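This report refers to the structure that appears directly beneath it.
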Amino acid sequence: MLDNKIEDSTNSSYDFLRGGGEMGQLMRSFDWENHPLGSPQKWPESLKTNIRLLLNSSFPMFIWWTNDLYMFHNDAYLPALGNKHPKALGASAREMWREIWGDLGKVVDGILEGGTPFYAEALMLMLERKGFAEETYWTFSYSPAFDSNGAVNGIFCACHEVTSTVLSERRLKTLKEISEVYTQIHTMKQASQFSCDILLRNSKDLPFSLVYLLNNTATSATRIGMAGCITEAYAPQTLSLTKPGAPWPLAEALSSKTMQLVDCAPLHLLATQEGNSEKLIQAAVLPIIRPGQNQVIGFLVAGISPWLEFDNKYKGFLTLIANHIGTTVTSVQAREELARQQAYLQEVFLQAPVGICILRGPQHIIDLANPGVCEIWGRKPVEVLHKPVIEALPEVAEQGIIELLDKVVNTGEPFVATELPLQLERNGKMEKVYLNFLYHPMYDPQGFIAGVIAVAIDISEQVKYRQSVEELNNELMATNADLDNFVYSASHDLKAPISNIEGLMEALLEYLPEETLNSAPVKRITDYILNSLNRFKRAVTDLTDVTRIQRQAGDDVGSIRLSEVVNEVLLDFDMQLQETNATVEKNLDDTLTVHFSGKNIRSVVYNLISNAIKYRSPDRQLHLRITTIKTPQHTVFSVQDNGLGLNMQKENKIFSMFKRLHDHVEGSGVGLYIVKRIVENAGGSIKVESEEGVGSTFSVYFRQ
C-alpha cells in the first residue's frame, strides 16, 4: 500500500525509501502508521538522509533511532542478523540484541548521553542469530545520529564482520605452532603429549583433543596425548577396534578413512570460554594417515566448539591438524627407526668378526672403528677416533690409500682390493700385512656422498701359509716330475731285461726234453715263472700308460662325439658281452661332443666298461646302463652296472694306484687311477656311487 502511495505521490519526502534492494522493499511495505515512529512523511530530514545513505550502500550499515533504538539497516547487514531478519526492522535494538547488550549497552548509552563515538576492531560478540550463541568478531564504529535540531537522537554504525578472518588467523597460528614445535621432536616420548598441549592453546576451536596410535595389527590403539575438557573415563589408555562398546568409533574411521562425527552430548562435557560454559554437542574422529601411503596409523579425536558452526572450513582445519600429526608421527617414527638401525648397525659393527670403520667427509675422519679394524691397524680406538686417516695412520700416506679413498668419495664407485700388501706400524715396528677390503661410498639423506664405509679382513696368515704351500707344491711338482721321469725311464729300461728273460725262458723250454717239461715239479716251476713274467710285463705296461697320460695329455685334443666312442668300445667287448649274456641299455645324446684327447677319452670309456664287465656279479645277469647328458657346466658320461658293488667307506682307495678292492680277477689296480688322472688333467672330475651287492655308477664330468 505504501509502495503505491510512494509511486503515486509527488511528495519528494518519500524518495529516500526508493531502491535499496530487499530492505528498501521491506521498508516501503512496512506498516509505519502503527509504529511509534509514525508515517515516514513525518520523519526528520536527518533520519531520511541517513536511511537513503545506508539503503544505497553496499557496506553493512544500520541506524538505531531515538532512545528506543528502533532499527534500520541495509541488505549488506542482513548476514549479521541471521534468523533475526526480517523482524529486526523497526524493532528495538535492546530487545533484538539482548544477548550482547551487556557488552554494548553501556557504549550505546554513552553515545546517546554524550555523543562520544566508539570504534572496535575484531571485537568478539556472542550472537544468537543461528539458533545458538555463536562466536563472532566485528570491526565497527558507533557514531551519534543527529536530529534536525543537532541533538543526538540515535546511533549510526558502519560495521564489518571479520569472524572468518579471525578464525583463519587463529587456526593458522595453531598449525604453525604444531609445525614449529614438531621440528624439535625426535622421539615418540617427546611427541606423546605435545600435540594435544599445542591444540589446547586454541581451546576455542578445540575444547578437547585425543591422539591415538594404532598397533601393528590394527586391532587396538594406544593414547599418546590428551588435553582439554575430557576425562580419563572417556579417554582410555588403550582402545580395542575389535570389541564393541568403545566410546569413539575408531574402527569406522579406520575402515572408511574418513571423518566420523560423534554425538557427545551424553558425555556431559562442558566447554568454557570467556567465563561462559556450554555443553559439548559434537566431536569428530579423524584418521591420521601416513603421508604418501594412504595408511591409517592413528586417530585424532577432537571436540567441536558449541559456539561455532561446523562448516567446511572447520572440517578442513581438523583435517589439516590430523595431516600435520600424521606427518610428525611418521617423521618421528622414521627418526626413531633410523636411530635404532644406527644403534643396531653400530652394535653389529662393533661385534663383527671383520674390521669395519666409517670415514666421514673429504678428510676421511674416523667416526667409527670396531675392534677388528683396530687390531688390523695395531691401534687402540682412542688413538684413531675422530682423527683423519692420515693423522691416525701416517704410514699409509705413501701407499696409495688416501688416493683410493678420494676416488671413492669423488666418483661414488666402490673399490675392492684382494690381498693388498700394506706396511703398518704395529707394536712399535713396521709389519707387512695382506688385506682384503672394500671401500663403499656412504650417502646422506639427501643422496650426497658423506664418507666411506670400509670393511677389511686381515689375511696375512692365509697368504703366508699359501705362499709356503706354493713353495712346497713347487718342490713336490719338481719331485713328481723327477719321479715321472724315473718311472718313464724305468718302465722302458725294464723292457729289455724282461725280453731277455722271456727269450732265455723260451730257449730253456726248447732245450729241455719233453719228458722233463711234462714232469709235475718242472711244469709247476715253469708256469710260475711264465705267470710272473706276464704280471711283470703288465705292470711295466701300466707304468708306461701312467707316464704317457701325464706327458701326452693334449697331443690329439679335438671335438669328440661321445656316442661314437661308446659304440666303438662296445664293439670291442661284443664277444664278452655275448658270452656273459649281458644286456646293454644306452641313452646317448648323439649331438653331445667334448673337447678332449681322442686316445684319452677312449681309454676312459674303455676302462669304465671293462671294469663293469670284469666285476659283474655271479648271481645275476649283467645289465649295463650307459648315458650321456648335458648340464649348464658339464657334459656327463655315466656307466651303471648291477655288479659286485663297492664298500663306499673305502672310497678314498678306489682311485689310488695299485689299489684293488676285489682280488678274484686279474688286474694291476691302475685303471681307475689312470681314468681319474686323465679326467682331472683336462679340468673335469669323476664320481662314484656304489653299494655292495647292488652295483656301481661311475660318472665322468667333462668340462664344457
Side-chain angles (χ1 to χ4, degrees), residues 54 57-64 69 71 73-85 88 93-94 96-108 110-111 116-143 155-178 198-209 228-229 270-278 280-282 284 302-318 320-321:
L54 66 86
S57 174
S58 59
F59 197 84
M61 294 180 181
F62 65 80
I63 296 173
W64 296 342
L69 302 175
M71 300 174 64
H73 43 268
N74 61 5
D75 284 0
Y77 185 69
L78 293 181
L81 290 169
N83 57 16
K84 297 180 185 292
H85 174 71
R94 288 186 180 90
M96 192 58 59
W97 293 115
R98 68 172 63 91
E99 71 268 21
I100 59 172
W101 207 252
D103 297 321
L104 296 182
K106 293 180 181 180
V107 174
V108 172
I111 295 175
T116 303
F118 176 81
Y119 175 80
E121 188 170 347
L123 179 68
M124 186 182 79
L125 296 173
M126 302 297 289
L127 302 183
E128 294 182 4
R129 58 181 181 173
K130 297 178 181 177
F132 64 94
E134 182 186 7
E135 177 189 352
T136 65
Y137 294 87
W138 297 87
T139 294
F140 62 92
S141 65
Y142 282 175
S143 302
I155 301 293
F156 179 84
C157 177
C159 60
H160 177 56
E161 183 173 3
V162 293
T163 302
S164 178
T165 301
V166 171
L167 294 182
S168 296
E169 290 177 352
R170 185 171 76 197
R171 292 166 181 174
L172 184 62
K173 181 175 181 291
T174 298
L175 294 171
K176 184 173 181 290
E177 288 177 347
I178 290 177
I198 294 170
L199 297 182
L200 187 59
R201 298 175 190 173
N202 184 4
S203 59
K204 290 183 177 180
D205 284 310
L206 296 153
F208 76 85
S209 61
C229 60
L270 291 178
T272 302
Q273 184 177 142
E274 306 296 334
N276 298 320
S277 295
E278 190 72 32
L280 290 188
I281 304 301
Q282 279 186 315
I304 298 172
S305 171
W307 295 291
L308 290 173
E309 184 178 9
F310 194 53
D311 55 13
N312 288 334
K313 291 182 179 180
Y314 203 155
K315 295 175 183 177
F317 170 59
L318 295 183
L320 287 174
I321 290 175

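All residue numbers in this chain count up from 1 along the given sequence. As the structure is a prediction and not an experimental result, all values here were calculated from the model.
Legend: residues meeting side-chain contact (heavy atoms from CB on, under 4.5 Å) with Ala80, ordered by chain and number and at least two apart, are Tyr77, Arg129, Trp138. Taking the side-chain contact (heavy atoms from CB on, under 4.5 Å) definition, one finds that Leu172 meets it with nothing, sequence neighbours left out. The side-chain hydrogen bond (donor to acceptor under 3.5 Å, both in side chains) test applied to Thr272 returns Ser277, not counting sequence neighbours. Annotation: side-chain contact (heavy atoms from CB on, under 4.5 Å) contacts of Leu270 (sequence neighbours excluded): Lys279. In this structure Tyr142 satisfies the ring-ring contact (aromatic ring centres under 6.0 Å, His included) test together with Trp64, Phe140, sequence neighbours excluded. For Asp205, the salt bridge (Lys or Arg N to Asp or Glu O under 4.0 Å) criterion is met by Arg170, Arg171, not counting sequence neighbours. Evaluation of the side-chain contact (heavy atoms from CB on, under 4.5 Å) rule for Ser203 yields Leu200 as partners, not counting sequence neighbours. Applying the side-chain hydrogen bond (donor to acceptor under 3.5 Å, both in side chains) rule to Ser58 yields no partners; only residues at least two apart in sequence or on another chain are considered. For Thr174, the side-chain hydrogen bond (donor to acceptor under 3.5 Å, both in side chains) partners two or more places apart in sequence, or in a different chain, are Asn202. Residues satisfying the ring-ring contact (aromatic ring centres under 6.0 Å, His included) criterion with Phe132, sequence neighbours excluded, are absent altogether.
For the atom pair CG of Leu125 and CD1 of Ile100, the computed distance is 5.0 Å after rounding to the nearest 0.5 Å. Atom OG of residue Ser305 and atom CD of residue Glu134 lie 9.5 Å apart, to the nearest 0.5 angstrom. If you take CH2 on Trp307 and CE on Met124, they are separated by 9.0 Å, rounding to the nearest 0.5 Å. For the atom pair Lys106 NZ and Phe118 CZ, the distance stands at 12.5 Å (nearest 0.5 Å). Atom SG in Cys157 sits 3.5 Å away from atom CZ in Phe62 (nearest 0.5 Å). In this structure, Asn83 CG and His85 NE2 are separated by 11.0 Å, a value rounded to the nearest 0.5 Å.
Using a 4.5 Å cut-off on side-chain heavy atoms (C-beta onward), Leu81 and Trp97 make contact. Between Ile155 and Ile63 the shortest side-chain heavy-atom distance does not fall below 4.5 Å. In this structure, the side chains of Thr165 and Tyr137 stay at 4.5 Å or more apart for every pair of heavy atoms. With a 4.5 Å cut-off on side-chain heavy atoms, Asp103 and Leu123 do not count as touching.
Contact record, Ala88 with Met71: O-CB, 3.3 Å, taken as the closest heavy-atom pair. Heavy atoms only, all atoms of each residue included: Val162 and Ala122 are closest at CG2-CA, 3.8 Å. The two residues His73 and Leu54 have their closest heavy-atom pair at C-CD1, 3.5 Å. Minimum heavy-atom separation, Ile304 to Leu280: O-CD2, 3.6 Å. Heavy-atom minimum distance, Leu206 versus Ala302: CD2-CB, 3.7 Å. Taking both residues in full, the closest heavy atoms of Met126 and Glu135 are given as SD-CA, 3.6 Å, listed atom of the first, atom of the second, then distance.
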Residue pair Thr139, Tyr119: steps toward the side-chain contact (heavy atoms from CB on, under 4.5 Å) verdict: CA-CA 8 Å; Thr139 294; Tyr119 175 80; 3.5 Å; yes
Could you please spell out the steps behind the side-chain contact (heavy atoms from CB on, under 4.5 Å) verdict for Leu69 and Val108? CA-CA 9 Å; Leu69 302 175; Val108 172; 3.7 Å; yes
Under the criterion salt bridge (Lys or Arg N to Asp or Glu O under 4.0 Å), I'd like the reasoning laid out for Lys173 against Glu169: C-alpha separation, chi angles, the key distance, then a yes or no. CA-CA 6 Å; Lys173 181 175 181 291; Glu169 290 177 352; over 6 Å; no
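Counting only residues at least two apart or on different chains, the salt bridge (charged side-chain N to carboxylate O under 4.0 Å, His left out) pairs with a member in residues 73-85 are Lys84-Glu99. Annotation: salt bridge (charged side-chain N to carboxylate O under 4.0 Å, His left out) contacts involving residues 305-316, sequence neighbours excluded, comprise Lys130-Glu309.
Thr163 and Glu161 form a side-chain donor-acceptor contact under 3.5 Å, judged by distance and modelled atom types alone.
In terms of modelled atom types and a separation under 3.5 Å, the side chain of Asn74 and the main chain of Ser57 share a donor-acceptor contact.
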